[in-house]
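To start, the structure under review is shown below, and the notes come after it.
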Amino acid sequence: MKKIIVFLVGLLLISGCSDVLDVKDLSNYNPDNVWNDIKLTEACLTNLYPGVLGGWPRDGGNADECLGIMGPDAIQVNNASMKFWPYATIRNINLLLQQIETGTLSQAEKDPIIGQALFLRAFLYFKMIMYHGGVPIVREPQSLTDDLMVSRNSTAECFDFIVSDLDDAARRLPVRYTGGDYGRIDQCAVAAFKGRVLLFKASPQFNPGNYYDNSYWTEAFNATKAAYDLLTANGYGLVDNYTDVFETERHQEAVLAVVYTNPSKTNGRGEDAVRPLSESKNATGGDQPAWNFAEAFPMKDGRKIGESSKYAYDVQTYWLNRDPRFDQTIVYNGSVYELSARAGRRQYTVPNIAASMDAFGYNIQGEWHARTGLYTKKGMQEELNVAQVTLNDVDWLEIRFAEVMFNYAEAANEKGDRQAGYDVLTAIRRRAGIEPGDDNLYGLQPGMSREEMRTALMDEKRIEFCFEGKRFWDLRRHRLLHNYLNGMHKYGILASLKDHITLEEAMTKAQTFDLLPEDFKYEAVDTRFQNPNSPDAMSTPESYYFFPIHNDEIQNNANLEQNKDWGGNFDPALR
């Protein structure tokens, strides 16, 4: 029984859930009653959530969204990059699943707890196979002294295990949690996540011999459509305003939210690491949009830059007449960015006009600043001042309804239903504020083929979900890393004053935020100039479709095989 108390005390003290659990002296609590007490059992479950579901990701630099070059040696068998091996957390989940059956709680009390724990276990296993392919399936809690000398299960067995856990979870959970239970896993979250899982299972990543005509696409279609139908029937839908998705809470697009509350749990966005340094507290550099990505936003009529007959595109006025999500997402030189609740505040990125720490230029005060000339405002609480910047407490949406829509459209397209793709894309673009056009297609090409629709969905998702941790994994899932990213250079947008404006005049105007974007001229430049010693191009070889298991794990377990392409014989693909 001692290990149960250690498990409970450790979990409960780590995240402190006094609102859920009111036990004055847990260390003296009778272990025979642990699994007989609904408060203690729910507290164990509550404290498993943070070890599984996190906050906003910041891995956009691995793709074509953000500043950052993944060099040729970024991923190795002996470093921590792209490794995921959460068996300590899985052990805690398994312990709960085992021990709850020894208590006297009613089945009606047990079921929602078991269902949520099964989902959390499935979530971790899915993330592991996203990284590595098949991994050891461990259903029982191992002793802390065990060597865990287990072999890898096949990738197919792991997918079956995950789906089985999700199906079992769905049978035990209510359809939708609301009120004080908001943020807990319910049937709607399970269905949405199952669609995500089976979309990956069908994908080219796992099926290199048959990208889009393998039998798993039927499973993916059935699951994604079931999720879409269930969520629609239970009141989920798109929020009217795109910015409100990330700056308001408990809305109809939030399928699975990680709840943040000031002061007990804050800074899920990591705002202190994303803001310009002059308005930050600790650091900056996260989620700086690359120029390549900024140019991916279409024009206001939904057409790509250079393809619109209504809105001409010029790099010197690149911010004009763009998809409204551009201004809701991208902070550019001279644009309004009212941080610290400073009305009319503009963000400048030009040396001697911007704060030096925010500037994007050649050699600024002898320092190499890693910048792109762009920042992002997505998910930021602009009203917070510098002292409060880590207090951002807007919820992170691990699953939002727009993803369910895209997953359904993607699977439907591969099964021959192009109309589902048009329905989803027009709904997303309508919400974004793109003009419908005479044909009500919001700039979409009519009569798209299967391949064209696939690309259109990927292009739209790149914009819609930027900085939400989707792009790298979507490219990898479609086996497009080596096509889109390998050898890619990243660019920033360098601003300089127009010739008729003196530096003195500009500095004076900047003090009152009267210096406008059109007072500058612009040039796209390779970001490598900031540090000539850095890699100049992305390196994403085909071996990156499955990452290696850390060599320490291989050496500690003689039964654990390494992936092929990384020195081993294990094939992580399905077919």
Side-chain angles (χ1 to χ4, degrees), residues 119 122-123 125-126 129-130 155-171 175 187-234 236-238 253 255-256 399-428 444 447-462 464-465 470 473-480 573-575:
F119 176 97
F123 190 95
Y125 268 96
F126 174 63
I129 65 173
M130 276 176 59
T155 301
E157 290 171 331
C158 288
F159 272 116
D160 289 344
F161 175 61
I162 291 165
V163 171
S164 176
D165 268 3
L166 293 176
D167 288 344
D168 192 0
R171 287 188 289 268
V175 174
Q187 281 186 31
C188 287
V190 172
F193 183 68
K194 182 178 177 181
R196 182 193 292 181
V197 168
L198 291 178
L199 199 67
F200 270 78
K201 182 182 178 182
S203 72
Q205 178 191 356
F206 290 95
N207 299 276
N210 188 353
Y211 280 17
Y212 298 110
D213 293 309
N214 64 72
S215 60
Y216 302 129
W217 281 104
T218 299
E219 284 183 292
F221 171 74
N222 291 338
T224 55
K225 186 177 189 305
Y228 179 82
D229 291 344
L230 177 66
L231 270 67
T232 301
N234 282 278
Y236 287 98
L238 294 178
E253 200 161 333
V255 178
L256 179 56
I399 305 176
R400 61 183 176 99
F401 185 69
E403 180 195 343
V404 176
M405 295 171 67
F406 272 98
N407 291 348
Y408 164 52
E410 184 177 330
N413 179 58
E414 301 306 340
K415 295 299 295 179
D417 179 6
R418 235 72 69 216
Q419 188 56 49
Y422 277 108
D423 291 344
V424 166
L425 289 173
T426 54
I428 291 290
L444 298 169
M448 282 190 275
S449 67
R450 179 191 191 191
E451 293 74 18
E452 289 169 332
M453 178 59 74
R454 184 185 305 135
T455 300
L457 287 165
M458 286 192 65
D459 289 348
E460 193 69 29
K461 193 174 179 184
R462 180 186 184 189
E464 175 70 20
F465 283 88
K470 299 293 187 187
W473 305 100
D474 281 344
L475 289 175
R476 186 168 174 264
R477 176 167 60 87
H478 284 278
R479 285 189 171 260
L480 291 172
L574 292 171
R575 57 171 70 174

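For R454 and E410, the salt-bridge test fails: no basic side-chain N is under 4.0 Å from an acidic carboxylate O. Salt-bridge formation is not detected for the pair R462/D459: no Lys NZ or Arg NE/NH1/NH2 atom is positioned less than 4.0 Å from an Asp or Glu carboxylate oxygen.
In plain terms, the two heavy atoms of A223 and G195 that are nearest each other are CB-CA, 4.1 Å. Minimum interatomic distance between C188 and N234 (heavy atoms only, all atoms of both residues): SG-CB, 4.2 Å. Residues G447 and E452 share a closest heavy-atom pair of O-OE1, 4.2 Å. Shortest non-hydrogen contact noted between A122 and L166 is CB-CD2, 3.7 Å. V404 approaches A192 most closely through the heavy-atom pair CG2-CB, 3.6 Å. For A191 against A227, the heavy-atom pair with the smallest separation is O-CB, 3.4 Å.
The only member of K415, E451, R450 that meets side chain to side chain contact (heavy atoms under 4.5 Å, CB included) when paired with Y212 is R450. Checking each of F126, W217, Y211, F159 against F206 for a ring pair (Phe, Tyr, Trp, His ring centres under 6.0 Å) leaves exactly one that passes, namely F159.
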(request) Applying side chain to side chain contact (heavy atoms under 4.5 Å, CB included), run through K201 and D160 and close with a yes or a no. (result) CA-CA 10 Å; K201 182 182 178 182; D160 289 344; 4.1 Å; yes
(request) Verify side chain to side chain contact (heavy atoms under 4.5 Å, CB included) between F119 and D165, making sure each step is shown before the conclusion. (result) CA-CA 7 Å; F119 176 97; D165 268 3; over 6 Å; no
(request) Would you sort out whether D474 and R477 count as a side chain to side chain contact (heavy atoms under 4.5 Å, CB included), showing the intermediate values? (result) CA-CA 5 Å; D474 281 344; R477 176 167 60 87; 2.9 Å; yes
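Going from atom CD of E414 over to atom OG1 of T218 covers 11.5 Å, rounded to the nearest 0.5 Å. Within the model, atoms OG1 of T232 and OH of Y408 stand 9.5 Å from one another, a figure rounded to the nearest 0.5 Å. Of the inter-residue distances, the one linking Q205 atom CD with L199 atom CG reads 11.0 Å to the nearest 0.5 angstrom. The structure places OG of S203 at 12.5 Å from CH2 of W473, a figure rounded to the nearest 0.5 Å. T224 contributes atom OG1, which lies 6.5 Å from atom CG of N407 (distance to the nearest 0.5 angstrom). Within the model, atoms CZ of R575 and OG1 of T155 stand 13.0 Å from one another, a figure rounded to the nearest 0.5 Å.
With hydrogens and angles ignored, the 3.5 Å screen pairs no side-chain donor or acceptor of E403 with any backbone N or O of R196. Although no hydrogens or angles enter the test, the distance criterion places no donor-acceptor pair under 3.5 Å between the side chain of R400 and the main chain of V255. For N210 (side chain) and D213 (main-chain N/O), a donor-acceptor pair under 3.5 Å exists by modelled atom type. Counting only distance, with no hydrogens or angles, the side chain of N214 and the backbone of A202 share a donor-acceptor pair below 3.5 Å. Y236 contributes no side-chain N or O that, together with a main-chain N or O of Y228, makes up a donor-acceptor pair within less than 3.5 Å.
You'll find the side chain of K461 stays beyond 4.5 Å of the side chain of L457, heavy atoms only. At a threshold of 4.5 Å between non-hydrogen side-chain atoms, the residues M405 and D423 do not count as touching. Within the 4.5 Å cutoff, the side chain of L256 has no heavy atoms near those of the F193 side chain. Between E219 and V163 there is no side-chain heavy-atom pair separated by less than 4.5 Å.
Counting non-hydrogen atoms of other residues, nucleotides and ligands closer than 6.0 Å to NZ of K470 gives a total above 12.
Below 30°, between 30° and 60°, or above 60°: for F465 and F406 the angle between ring planes is above 60°, a perpendicular geometry.
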